[in-house]
Q: 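Quick one: the structure is below, questions incoming.
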Amino acid sequence: MRFSQLLLPTLKEDPAEAEVVSHKLLLRAGFIRKLTAGVYSYLPLGLAVVRKVERIVREEMNRAGAQEVLLPMVQPADLWRESGRWEKYGPELLRFKDRHQRESCLGPTHEEVITDLVRMNVHSYRDLPLNLYQVQTKFRDEIRPRFGLMRGREFIMKDGYSFDADEAGADATYQKMYDAYQRIFSRCGLAFRAVEADTGTIGGSFSHEFMVLAATGEDQVVICQHCDYAANMEKATAREIRSETREQPLPLNRVPTPGRKTVTEVCDFLQIPSDRLVKTMIWLADDRPVAVLVRGDHEVQPVKLQNLLGALEVTLADDDRIAELSGAPAGFLGPVELKIPLVMDTVVANMSNFVTGANQADQHLVNVNPGRDFSATHQADIRMVTEEDQCPRCGGKLALTRGIEVGHIFKLGTSYSRALNATFLDDQGQSHPFIMGCYGIGVSRTVAAAIEQNHDRDGIIFPLPIAPMQVIILNLTPKDQEISAEAERLYRELQTQGIEVLLDDRDERPGSKFKDADLIGIPIRLVVGKRFKNDGLLEIRTRADGQTSEATPAAALAVIGEMIAKALTPVDDRP
RNA sequence: CGGGGCGUGGCGCAGUCUGGUAGCGCGCCUGCCUUGGGAGCAGGAGGCCGGAGGUUCGAAUCCUCUCGCCCCGACCA
């Protein structure tokens, strides 16, 4: 590809509309342009990166035994009514009517369509397992699209669906996909972690999210620094905290705490550390009030609470509701003699002689003990883990870090196959619903995540396997015939070797070429300039580490060939 | 949907408070010059000031409505 003929409108300045680095760089590097909110056009080099990711995804999905299909983007409402999601899905589902007034929607995901396809065409255990996937544009009418490709309304996704005859088979398929995902993201050259994820209300199943680790990620994840335990915040647990010496319960005592409402204020006033206090909050689980107890320095994890209570939604009660239910203003609540259901975090259950509110303004209780002074309706892990916690598996140190969710695998079970009556006959002639799994990869988001993780002040630093081009040749002096002839020769030679190369043959000053090369992040830069004319030497520079060396053309070609071959070999396959 | 902000040549912005008919930097075109980190000089093209209505002798500027975009919250690949 010749730069002079390429549609690559690079920008010197950051566009005003972009906030996060991947969005800014995708625009500045001329990879994407916005059409309307959350909807982007991919320009040639942007598309090239998307294709690279897709290719790796396809190779690994195929290797894992999945088959590619392409499902419709426009889907009939009736199918969605059958699964119950026409009502459940909400405004994120873009609905419309065609000329015959038939209701339709743009596919935000394809469980319904795939399940329909399979129920119509697969009837026997002999045809199982079956694993189908597609790479397709999805549309979700997001409440707030933002961050460019990170959260568009229209985005490219690989979604796969598996159908198994029994649990063991479904679990094996899940494991295959887990392994395939590991290979996919490591082949993309990304630092990532598979984390255990919450499965929501479907229950009984399991799920992993694949997170590209980046400081700017939207999701917080917990990873163990010693073993491979990793989970998102909604799911993460910690090794149980017990005090080594169990204290003898002391007499319950009421103390005045005038105007001290927050944990810090009360602790300062009473001269105690915050882990000696238990805070009480009133939550509404689908409008049913519950009191929730966690240690003073801990926070409630709403999803854990939600799952414990089997609620669709949990929210904090407002001040009026708190006063009505406890008889005290917020800041002075406590479990003792509280007349609503009580959820106690496991950590609190192991504490003794702690401080709580007294359910009376300006009063707290000291030496509160569970069992003696109150009893909980539920006792469970409902808090967020912290960096002080220990790994639940190995006791190692936990770290909180940020990530971008680029993949999600999910064991679905039979929820869709039952809803849509998708069944097969086993070897006894008995009918069963398929056991399903679904497996998503945000392809366009992966591109954004790769940039979010790999960039510097000058621009993008693409991992070679997903770079739009592998090599860029800078012809610094297009008007010089000797230099140009060599640049052209190298260009053809690299292409002959099957290497993807961009030749900057523009009549621009060297500075612009260096800046653009850095911006668009092509891994290997080959410069033909004065030094070639004087000494017959080329400059080779790697974008990632800025390492520069000089070599004769023949040596340069050899070095480049090696670098590329090495970068394209998956780590697992290296000798 | 709630809260905040912004719409002015392709991009980034000033001008709006205090009305007088649009300006700067970058980019683009032509020429000269320059060629190892976004040069310099000269000339030039390009703007329904997001849209509609109103006030006024006169509106980018004031008023009303409207559309779009960005940021913060609940959602997700």
Side-chain angles (χ1 to χ4, degrees), chain A residues 9-20 23-24 27-28 30 33-39 53 57 89-93 108-110 135-160 181 197-198 200 207 209-212 218-219 232 234 302-303 313-316 403-410 438-449 458-459 474-480 483 504 506-519 525 527-534 537-539 541 546 548 550:
Chain A
T10 59
L11 267 20
K12 266 191 190 176
E13 291 168 285
D14 282 337
E17 68 181 57
E19 191 71 11
V20 302
H23 190 191
K24 284 181 185 169
L27 288 166
R28 280 195 57 205
R33 285 294 182 261
K34 184 177 68 182
L35 210 218
T36 180
V39 178
V53 174
V57 166
Y89 214 90
E92 204 177 286
L93 184 64
T109 176
H110 285 71
V135 177
Q136 219 235 26
T137 296
K138 298 274 192 269
F139 192 92
R140 295 185 190 168
D141 201 356
E142 290 279 344
I143 304 160
R144 183 150 86 85
R146 59 182 137 175
F147 303 151
L149 294 190
M150 204 82 106
R151 180 187 299 273
R153 294 148 85 208
E154 191 175 287
F155 57 98
I156 302 168
M157 181 175 173
K158 186 285 297 185
D159 52 326
Y181 274 42
D198 179 67
S207 172
E209 290 171 350
F210 287 76
M211 313 286 290
V212 166
E218 283 189 274
D219 300 297
N232 68 16
E234 296 163 1
V303 174
E313 190 188 37
V314 292
T315 51
L316 269 169
I404 301 162
E405 185 186 351
V406 290
H408 198 161
I409 59 175
F410 209 109
C438 74
Y439 318 95
I441 290 179
V443 172
S444 40
R445 181 183 279 183
T446 299
V447 173
D458 296 316
L474 301 192
N475 175 354
L476 288 192
T477 325
K479 289 198 172 119
D480 183 298
I483 289 173
D504 193 344
R506 294 174 301 167
D507 184 19
E508 290 285 338
R509 297 172 58 80
S512 306
K513 298 188 180 186
F514 287 125
K515 289 290 181 189
D516 276 338
D518 287 345
L519 217 210
R525 189 181 83 189
V527 178
V528 194
K530 235 181 349 206
R531 290 214 247 302
F532 174 73
K533 203 160 166 131
N534 297 339
L537 292 178
L538 306 173
E539 178 195 284
R541 180 181 159 107
T548 308
E550 294 193 329

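Values below: every heavy atom of this structure, side chains too, minus hydrogens, waters and symmetry copies. Bear in mind the structure is a predicted one, so any value in this text is a computation, not a measurement. First the proteins, then the strands, lettered A, B, ... as listed; each starts at 1.
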Q: Could you measure between the two C1' atoms, the one in B:C17 and the one in B:C63, and give it in whole Å?
A: 15 Å

Q: Do any N or O atoms from the side chain of A:Thr10 and from the backbone of A:Arg28 form a donor-acceptor pair under 3.5 angstrom?
A: no

Q: Which nucleotide wins on minimum distance to the side chain of A:Lys530, given the candidates B:G37, B:A77, B:G36?
A: B:G36

Q: Counting only Watson-Crick pairs (N1-N3 plus N6-O4 or O6-N4) and G-U wobbles (N1-O2, O6-N3), all under 3.5 Å, who is the partner of B:U16?
A: none

Q: Compare the minimum distances between each of B:G38, B:G36, B:U35 and the side chain of A:Arg531, then state the nucleotide with the smallest one.
A: B:G36

Q: Choose from B:A77, B:C71, B:G36 the nucleotide whose nearest atom is closest to any side-chain atom of A:Glu19.
A: B:C71

Q: Closest to the A:Glu218 side chain: B:A77, B:U35, B:C75?
A: B:C75

Q: Just checking A:Gly440: base, sugar-phosphate only, or nothing, at a heavy-atom cut-off of under 4.0 Å?
A: nothing

Q: In whole angstrom, give me the gap between the P atoms of B:G15 and B:G9.
A: 15 Å

Q: Scan A:Val443 against the nucleic acid and name what it touches under 4.0 Å (heavy atoms): base, sugar-phosphate only, or nothing.
A: nothing

Q: Verify, without hydrogens or angle tests, whether A:Lys533 (side chain) and A:Ile483 (backbone) share a donor-acceptor contact under 3.5 angstrom.
A: no

Q: Say we look at B:U61 and B:G2: how far apart would their C1' atoms be, to the nearest angstrom?
A: 30 Å

Q: State the CG-NZ distance between A:Leu149 and A:Lys34, to the nearest 0.5 angstrom.
A: 12.5 Å

Q: Assuming nearest nucleotide by heavy-atom distance, tell me which of A:Asp458 and A:Ala37 is located more 5' along RNA chain B.
A: A:Asp458

Q: Describe the nucleic acid contact of A:Asp219 in one word from base, sugar-phosphate, nothing, applying a heavy-atom distance below 4.0 Å.
A: base

Q: Sub-3.5 Å donor-acceptor pair from the side chain of A:Tyr181 to the main-chain atoms of A:Tyr439, do we have one?
A: yes

Q: Which value, in whole Å, describes the distance between the C1' atoms of nucleotides B:A59 and B:U8?
A: 14 Å

Q: Taking CG from A:Asp516 and P from B:U35, how many angstroms apart are they, rounded to a whole number?
A: 21 Å

Q: In whole angstrom, what separates A:Glu234's CD from B:C76's P?
A: 9 Å

Q: Identify the nucleotide, in any strand shown, that forms a Watson-Crick or G-U wobble pair with B:G7, with both distances under 3.5 Å; if there is none, say none.
A: B:C67

Q: Using a cut-off of strictly less than 4.0 Å, decide whether A:Arg151 has a side-chain nitrogen or oxygen near OP1 or OP2 of B:C76.
A: no

Q: Given that both distances must come in under 3.5 Å, which nucleotide forms a Watson-Crick or G-U wobble pair with B:G38?
A: none

Q: Give the nucleotide from the list B:C13, B:G37, B:G38 with an atom nearest to the side chain of A:Leu519.
A: B:G38

Q: Say you pick atom C1' in B:G23 and the same atom in B:G5; how far apart are they, in whole Å?
A: 24 Å

Q: With no hydrogens and no angle check, is any side-chain donor or acceptor of A:Arg153 less than 3.5 Å from a backbone partner on A:Ala37?
A: yes

Q: Given atom CG of A:Asn232 and atom P of B:C75, what is their separation to the nearest angstrom?
A: 13 Å

Q: Determine which nucleotide pairs with B:G73, using a 3.5 Å limit on both distances of a Watson-Crick or G-U wobble pair.
A: B:C1

Q: Rounded to the nearest angstrom, tell me the gap between atom CZ in A:Arg509 and atom C1' in B:G38.
A: 9 Å

Q: Does the A:Arg151 side chain pair with the main chain of A:Arg146, one donor and one acceptor, at a distance under 3.5 Å?
A: no

Q: Please state whether the phosphate of B:G27, meaning OP1 or OP2, lies under 4.0 angstrom from any side-chain nitrogen or oxygen of A:Lys12.
A: yes

Q: Measure the CZ-CZ distance between A:Phe514 and A:Arg509 for me, rounded to the nearest 0.5 Å.
A: 12.0 Å

Q: If you compare every side-chain N and O of A:Arg146 against the phosphate oxygens of B:C72 (OP1, OP2), does one of them come in below 4.0 Å?
A: yes

Q: Go ahead and name the base partner of B:G27; Watson-Crick or wobble counts if both distances stay under 3.5 Å, otherwise write none.
A: none

Q: Could you work out the separation of B:G20 and B:U16 based on their C1' atoms and round it to a whole Å?
A: 14 Å

Q: Would you indicate which nucleotide in B:U35, B:C13, B:C72 comes nearest to any side-chain atom of A:Pro510?
A: B:U35

Q: For the backbone of A:Ile156 and the side chain of A:Ser444, can you confirm whether one donor and one acceptor N or O come within less than 3.5 Å of each other?
A: yes

Q: Answer yes or no as to whether B:G36 has its base stacked against A:Phe514, where stacking requires a ring-centre separation under 5.5 angstrom and planes under 30 degrees apart.
A: no

Q: Within this structure, what is the CD-CG distance for the pair A:Glu508 and A:Asp516, rounded to the nearest 0.5 Å?
A: 8.0 Å

Q: Mind checking if A:Asp518 touches a base, just sugar-phosphate, or nothing, with heavy atoms under 4.0 Å?
A: base

Q: Taking the C1' atom of each, how far is B:A60 from B:A14, in whole Å?
A: 12 Å

Q: Measure from the side-chain heavy atoms of A:Arg525 and tell me the nearest of B:G37, B:G38, B:A77.
A: B:G37

Q: Starting at CZ of A:Phe139 and ending at P of B:A77, how long is that distance when rounded to a whole Å?
A: 16 Å

Q: Rounding to a whole Å, what distance do you find between A:Glu13:CD and B:G38:P?
A: 15 Å

Q: Taking atom C1' of B:G38 as reference, at what distance in whole Å does atom CG of A:Leu474 sit?
A: 13 Å

Q: Of the options B:A77, B:U35, B:A74, whose atoms approach the side-chain atoms of A:Thr477 most closely?
A: B:U35

Q: Does the structure show a Watson-Crick or G-U wobble partner for B:C33, both distances under 3.5 Å? Name it, or say none.
A: none

Q: Under 4.0 angstrom, heavy atoms only, what part of the nucleic acid is A:Arg153 near: base, sugar-phosphate, or nothing?
A: nothing

Q: Using a 4.0 Å heavy-atom cut-off across all strands, classify A:Gly152 as base, sugar-phosphate, or nothing.
A: base

Q: Think A:Arg144 has a side-chain N or O under 4.0 angstrom from the OP1 or OP2 of B:C71?
A: yes

Q: Remember a base hit wins even if backbone is also touched, and classify A:Tyr89 as base, sugar-phosphate or nothing at under 4.0 Å, heavy atoms.
A: nothing

Q: Roughly how many Å apart are B:A22 and B:G4, using the P atom of each and rounding to a whole number?
A: 35 Å

Q: How long is the line joining NZ of A:Lys34 and C1' of B:C11, in whole Å?
A: 14 Å

Q: Starting at the 5' end of RNA chain B, which residue's closest nucleotide do you reach first, A:Ser444 or A:Val20?
A: A:Val20

Q: Quick check for you: among B:C75, B:C76, B:G36, whose closest atom lies nearest to any side-chain atom of A:Glu142?
A: B:C75

